[in-house]
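Here the structure comes first, spelled out in structure tokens, and everything after it is commentary.
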Amino acid sequence: MRELLLFNTLTRKKEVFIPIESGKVRMYCCGPTVYNYQHIGNLRTFFFEDILRRVLEINGYAVTHVLNITDVGHLISDEDEGDDKMELGAKRENKSVWEIAEYYTNVFKKDLERMHILPATHNPKATSYIHQQIAMVRCLEELGYTYVTGDGVYFDTSKFTGYGKLARLDIEGLEAGERVEFSVEKKNKTDFALWKFSPKDSQRQMEWESPWGKGFPGWHIECSAMSKALLGNNFDIHCGGVDHIPVHHTNEIAQSEACNREKFVNYWLHGEFLLETDGKMSKSKGEFLTLQYLMDKGFHPMHYRYFLMNTHYRKKLNFSFEALDGARTSFERLKNRILTLKDNEKERKVDNSNIEKYLSSFFSKINDDLNVTEALALLWEMLKDNALNPVEKIEIAFEMDKVFGFGLKDIEHEDEVLDVPDEVMQIAGQRMEAKNQQDYKKADDLRNQLSAMGWKVIDTKDGFKLEKL
RNA sequence: GGCGUGGUACCCAAGUGGUUUAAGGGGACGCUCUGCAAAAGCGUUAUUCAUGAGUUCGAAUCUCAUCCACGCCUCCA
């Protein structure tokens, strides 16, 4: 097996990946809270995880991939204040929280499919694992890691040695209470809720009985419980966005390692943010970009996928329509190249040493902490290499595409007459006629007329084709 | 206030001590093709890597300082 290097947040270094079980990888990825649409920044993280998954698979690993669905509403802040995002979403849309969860889960899965993000092996829902979450809180209680306050059961972070090591937290320097009221009942500012009690004065749509009374699970426990249930106490890879490092993943480690009394995760990988011109993309700002919005603007999900490959997953990326436009052009040209190669794919001798040369270079790039950006550059270099014949190029491109995920194999010539209005078709026909009679003045006039109507004529060797401007 | 990241051509960006006097894509320009265009193909496009010092035989890559932009310490991908 080839050597694969991955950047581990725990050590802040690239490390050689060694699975727990030979040839197999168990991987857990933090999924969305389904109270609203996912924005294109959220999708960047799932895209990064998809690349990771594909790189593992092309290296021959059998991957068990868990991507959870958070359908329990958590409070907006860590303290005992604020509203529940799910309940808020339900109120906003006049639906039940369960309907909200189902609707946004489906949209999310549809988005992943459109982005060619491979479906996970398991998509556990937090509400289906309440029992396991309660069991884990009990486990922590029995081992003396918890205490009860007026609003819930809390994890005492001072009892867990090495708390915050993932994030390299400077606990003293944390300014809890700066922007949020600090709960006086919390013993340490980093303590967090494992189980929250339902409010006495109002009825929650989602609540469950527990040994501590009616309530709902704290935010971090679901990932600890579900990963334990599906992947075991110790597994290979855990990923998510960089924002999860200081709080969510830090707390997951504390809970899981405290309860299981063994190492939780071997490799932690985190994807960087997508930024907008005015900073981080975030839902709380109100308006945010969705994949559907890009599609409404005439972009294909693959254009966005190509755009994301412009940079490494550990680097911030600025979103702009100008850059997305560039990605669209690049992708369309790439498709064109592949189609041309497919058309010229005649039986020719394949020189395996040519193929091997490119593929080994390809592997050295993707296996160096998922450098798809360089791998993509290699694809272009290869396509322009005159030493290769079309059959060889196709073979290499398809192999590389197992990681890129553009779906190059399935690319076909598009139907050239996609709902062209009769009138447009007629004028285009007249122009062709005029052109054949060498009446270029008239032909050009008709072409201008078409472009005024929003259509572009492209002459081909035996006719013409029309495109929308 | 604390922690951290980044500044590479017109744009998105790769590269983190010598094989790079800097990938790839977009754009622009030129050529081929075309009646002319478009589309497509080919080619050109940074002696230079925010700025200033320093380390080194050698730096975009290491060190220090300065300027600028951004992220985290709230829920967040």
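We name chains A, B, ... by the order of the sequence lines, and we start the count at 1 in each one.
Judged by the 6.0 Å and 45° rule, Arg314(A) forms a cation-pi pair with Phe7(A).
In this structure, Tyr163(A) atom OH and rC73(B) atom P are separated by 12 Å, rounded to whole Å. If you measure from atom CG of Asn336(A) to atom P of rA40(B), you get 6 Å, rounded to the nearest angstrom. In this structure, CZ of Phe307(A) is placed 16 Å from P of rG27(B), rounded to the nearest angstrom. The CG atom of Asn251(A) sits 13 Å away from the C1' atom of rC73(B) (whole-angstrom rounding). Atom P of nucleotide rG41(B) and atom CG of Leu383(A) are separated by 10 Å, given to the nearest angstrom. In this entry the distance linking CG of Leu275(A) with P of rC12(B) reads 13 Å, nearest Å. One interatomic measurement links the two molecules: CG of Leu334(A) to C1' of rG24(B), which rounds to 12 Å at whole-angstrom precision. Between the CG atom of Asp368(A) and the P atom of rA14(B) there is a distance of 13 Å, given to the nearest Å.
Looking only at side-chain heavy atoms (C-beta outward), Phe404(A) and Leu379(A) come within less than 4.5 Å of each other. With contacts defined as side-chain heavy-atom distances shorter than 4.5 Å, the pair Phe46(A)/Cys29(A) does not qualify. Between Met309(A) and Arg305(A), the closest side-chain pair of non-hydrogen atoms falls below 4.5 Å.
No N or O donor and acceptor, one from the side chain of Asp325(A) and one from the base of rG26(B), sit under 3.5 Å apart.
If you find the closest nucleotide of RNA chain B to Asn386(A) and to Arg12(A), the one lying nearer the 5' end belongs to Arg12(A). Both Glu374(A) and Lys384(A) lie near RNA chain B, and the one whose nearest nucleotide falls closer to the 5' end is Glu374(A).
Heavy atoms of Leu324(A) sit nowhere under 4.0 angstrom from any nucleic acid atom. His270(A) comes within 4.0 angstrom of nothing in the nucleic acid, heavy atoms only. As judged by a 4.0 angstrom heavy-atom cut-off over every strand, His244(A) is placed among residues touching the sugar-phosphate backbone only. Contacts of Gly271(A) with the nucleic acid, taken as non-hydrogen atoms under 4.0 Å apart, are absent.
The partner of rA39(B) is absent, by the rule that a Watson-Crick or G-U pair needs both atom distances under 3.5 Å. Pairing partner, rG1(B): rC73(B), with both Watson-Crick or wobble hydrogen-bond distances short of 3.5 Å. As the counterpart of rU34(B), no nucleotide is assigned, since no Watson-Crick or G-U wobble pattern has both distances under 3.5 Å. The pairing partner recorded for rC62(B) is rG54(B), the criterion being a Watson-Crick or G-U wobble arrangement whose two distances lie under 3.5 angstrom. Partner assigned to rU19(B) is none, using Watson-Crick or G-U wobble distances below 3.5 angstrom. Base pairing of rU45(B): its partner is rG27(B), meeting the Watson-Crick or G-U wobble criterion (both donor-acceptor distances under 3.5 Å). Within the shown strands, rC68(B) is the pairing partner of rG6(B) under the Watson-Crick or G-U definition, both distances less than 3.5 Å.
Around CD of Glu207(A), the count of heavy atoms belonging to other residues, nucleotides or ligands within 6.0 Å exceeds 12. Atom NZ of Lys125(A) has 12 or fewer neighbouring heavy atoms from other residues, nucleotides or ligands inside a 6.0 Å radius. Heavy-atom neighbours of Tyr293(A) OH from other residues, nucleotides or ligands within 6.0 Å: at or below the threshold of 12.
For the P atoms, the distance from rA60(B) to rU47(B) is 13 Å, rounded to whole Å. Annotation: rU55(B) and rU19(B) have their C1' atoms spaced 24 Å apart (nearest Å). Nucleotides rG18(B) and rC10(B) have their C1' atoms positioned 31 Å apart, rounded to a whole Å. Between rG26(B) and rA69(B), the two P atoms lie 32 Å apart (nearest whole Å).
Minimum atom distance to the side chain of Ala377(A) is reached by rA23(B), of the listed rG71(B), rA23(B), rA37(B). Checked against rA77(B), rC12(B), rC36(B), the side chain of Asn310(A) finds its nearest nucleotide in rC12(B). Considering only side-chain atoms of Arg447(A), the nucleotide from rA23(B), rC76(B), rA37(B) that sits closest is rA37(B). With distances taken from any side-chain atom of Lys315(A) to the nucleotides rG7(B), rA23(B), rC36(B), the minimum falls on rG7(B). The nucleotide whose nearest atom lies closest to any side-chain atom of Trp219(A) is, among rC12(B), rC76(B), rC75(B), rC75(B). Relative to the side chain of Phe273(A), the nucleotides rC72(B), rA13(B), rG35(B) differ in distance, and rC72(B) lies closest. Of the candidate nucleotides rA40(B), rC76(B), rA14(B), rA14(B) has the atom nearest to the side chain of Thr373(A). Considering only the side chain of Asp459(A), rA37(B) comes nearest among rA77(B), rA37(B), rG71(B). When distances run from any side-chain atom of Asn371(A) to the nucleotides rG71(B), rA13(B), rG15(B), the shortest one goes to rG15(B). Of the candidates rC36(B), rG41(B), rC72(B), the closest approach to any side-chain atom of Arg337(A) belongs to rG41(B).
There is a side-chain donor-acceptor pair under 3.5 Å between Asn68(A) and Glu222(A).
Contact annotation: Thr340(A) side-chain N/O to rA40(B) OP1/OP2 distance is not under 4.0 Å. Between Arg333(A) and rG27(B) there is a side-chain polar atom (N or O) within less than 4.0 angstrom of OP1 or OP2.
Aromatic stacking of Tyr440(A) on rG35(B): satisfied, with centres closer than 5.5 Å and planes within an angle under 30 degrees.
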